[in-house]
Number of protein chains: 2
Amino acid sequence: MGTPSTLRTESSACCRIELTDTVEDYLKAIFAITSLGEPASTSGVAARLSVTPPSVTAMLHRMRDSGLVATTTWGHVLLTEHGAVHARSVVRRHRLLETFLHRVLGVSWDEVHEEAEVLEHHLSTRLENLIDAALGFPDRDPHGDPIPSVRGKHEEHGETPLAQSGPGDIFLVQRVYDTDSIALRHLAELDIRPGVSIEVERRPSDLAPMWVRVGGERCSLSCAVVNLIHGRIESSAAAS
Amino acid sequence: MGTPSTLRTESSACCRIELTDTVEDYLKAIFAITSLGEPASTSGVAARLSVTPPSVTAMLHRMRDSGLVATTTWGHVLLTEHGAVHARSVVRRHRLLETFLHRVLGVSWDEVHEEAEVLEHHLSTRLENLIDAALGFPDRDPHGDPIPSVRGKHEEHGETPLAQSGPGDIFLVQRVYDTDSIALRHLAELDIRPGVSIEVERRPSDLAPMWVRVGGERCSLSCAVVNLIHGRIESSAAAS
DNA sequence: AGCCGACATTAGGGCGGTCTAAATCTCCGG
DNA sequence: CCGGAGATTTAGACCGCCCTAATGTCGGCT
Ligand SMILES: [Mn+2]
Ligand SMILES: [Mn+2]
Ligand SMILES: [Mn+2]
Ligand SMILES: [Mn+2]
């Protein structure tokens, strides 16, 4: 497109760079990587966005020049406060859209993500606020991902992975990562979603899947699926 | 953006050109101009899209190469059937979105257009169909513009201009062009909208506005506003 | 210490889309 | 019939974003 078409008035005064869709995607990628702890590497961003490292280098230069990121040592990069504000704004729009599409239009759990991935770049502040109000100012999207508020602190990762629970534990699912559409559809069939409690029967090993009990039904969860599930251990069998 | 991000499966088999936002805007502009009768001129398209004529020339070449338009004599251009199909698809998304945003989110009459102008390029077929169904398959948007159906004939201009009515006529408003946001807000205050009947008192002249009676209230309509209003003359005083 | 592999960057090019300035064409009026 | 006004097109450039190929730079291993 070139110039961003959606008016966004709260653009924090100065802003040398245009907040194109592409820049927003880079911001979001860096936000996701760095929210896990370490700074983001060029190749890490490249892999997440499916572009080549040279493209990332060029873009990071432009983003550094406009104060969105700060490069530390060798292709390691962090968001500035300015960049983090915009990144959270994109994430907020993404998750509000997922919630809206799911609740109002009935888009299924595993399909909302790809829709929101496109629309997040084109939602005006006006529509963002209208959607927020229509939904009753939600703080979680359908996958349990926290929705950043317009202003104020945002904690991205507060849950513990299901993989850390042991046999006999009661685990309250609070969040399921939405990156794997097939896994989401599978989990929906198993009735595993935020708010549901599951009982751990056997931990996953390198070869064998995890076994859990949910709603009276025993089922197995592959390692890939287990890693998507996060929440809280309600009662631990290992406490004794 | 470059590559169009929204999947659109019914892409009619072959299609050398990418249907970017920009191409969709050109298609829509040519559709609007040519639906009034004559072919579109380079400068006409340029003016409507706020770009320079050389940009239009370059784009029309690419669109001709991919079979979306057919150039006739000197910068005069028509949509091919292939191009018209895509143009109607964009218009359909635009008007469905306007209807949806108005009815579901309460976006006001004069604001829906600019929102739809952006989102029309990013609505997947899935969401298009869900919105269509949620609205009960509407055939008119909030301004009375006809919504093209997925398949089948579409008639863009069936109404007669208010300017053609004379004193004493009862005029049923069926459509108000949505290009002028200020005029729309003004008409909303006057309760003039599709479905409303107004009584013509005096035709507009070069100097004087039109005078009409709507819901018991007398009011004047500037020439610019009058030209936006289209509909049907219900009872004509000139019949005698 | 020295080498090598992994990673990041530069160099150079392409494509889509825009612009300005200059050249060209059409068509109408004198 | 010819010239000029207006419209269109070409020429040349820029920017955003992407790529491949080549070059640099680091840390770890022998
Ligand atoms: Mn998502
Ligand atoms: Mn989510
Ligand atoms: Mn409109
Ligand atoms: Mn409309």
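Chain letters run A, B, ... following the sequence lines, proteins first and then strands; every chain starts at 1. None of the values given here were measured: they were computed from a predicted structure.
For the pair B:Arg62 and C:dG17, the criterion of a side-chain N or O lying under 4.0 Å from OP1 or OP2 is met. Close to D:dC17, at under 4.0 Å from its OP1 or OP2, lies no side-chain N or O of A:Ser55. Applying the 4.0 Å criterion to OP1 and OP2 of C:dA8, one finds that A:Ser43 has a side-chain N or O inside that range. At the phosphate of D:dT10, neither OP1 nor OP2 sits under 4.0 Å from any side-chain N or O atom of B:Thr57. OP1 or OP2 of D:dG16 has not a single side-chain nitrogen or oxygen of A:Tyr26 nearer than 4.0 Å. Checking the phosphate oxygens (OP1, OP2) of C:dG17, a side-chain nitrogen or oxygen of B:Thr20 falls inside 4.0 Å.
Put simply, CG on A:Leu68 is 13 Å from P on D:dG16, counting in whole angstrom units. Rounding to whole angstrom units, CE of residue B:Met59 and P of D:dT8 are separated by 17 Å. If you take CG of A:Leu60 and P of C:dC7, they are 16 Å apart, rounded to a whole angstrom. The distance from atom CG of B:Asp21 to atom P of D:dG16 is 18 Å, rounded to the nearest whole Å. If you measure from atom NE2 of A:His61 to atom C1' of C:dA11, you get 14 Å, rounded to the nearest angstrom. Rounded to a whole Å, the CG atom of A:Asp25 is 11 Å from the P atom of D:dC17.
B:Thr52 comes within 4.0 angstrom of a base, heavy atoms only. Contact annotation for A:His76: no contact, since no heavy-atom pair falls under 4.0 Å across all strands.
Classified by interplanar angle (parallel below 30°, tilted 30° to 60°, perpendicular above 60°), the ring pair A:Phe100/B:Phe100 is perpendicular.
Ranking D:dC18, C:dC19, D:dC26 by closeness to the A:Trp74 side chain, first place goes to D:dC26. Taking the side chain of A:Pro54 as heavy atoms from C-beta on, and the options D:dC18, D:dT9, C:dT10, the nearest nucleotide is C:dT10.
A donor-acceptor contact shorter than 3.5 Å links the side chain of A:Ser66 to the backbone of A:Arg62. Remark: side-chain polar atoms of B:Arg140 are not paired, donor with acceptor, to backbone N or O of B:Asp145 under 3.5 angstrom.
Among B:Gln174, B:Glu155, B:Arg175, the one residue that satisfies the side chain to side chain contact (heavy atoms under 4.5 Å, CB included) test with B:Pro146 is B:Arg175.
Here the shortest heavy-atom pairing between A:Ala40 and A:Ile30 reads CB-CG2, 4.3 Å.
In summary, the side chains of A:His143 and A:His113 do not present any donor paired with an acceptor at a separation below 3.5 Å, with no hydrogens or angles considered.
A centroid separation of 6.0 Å or more is found between the aromatic rings of B:His230 and B:His157.
Helix-axis bend for the helix from C:dA1-D:dT30 to C:dG30-D:dC1: the local axis fitted to the five terminal pairs at one end deviates from that at the other end by 30°, rounded to 10°.
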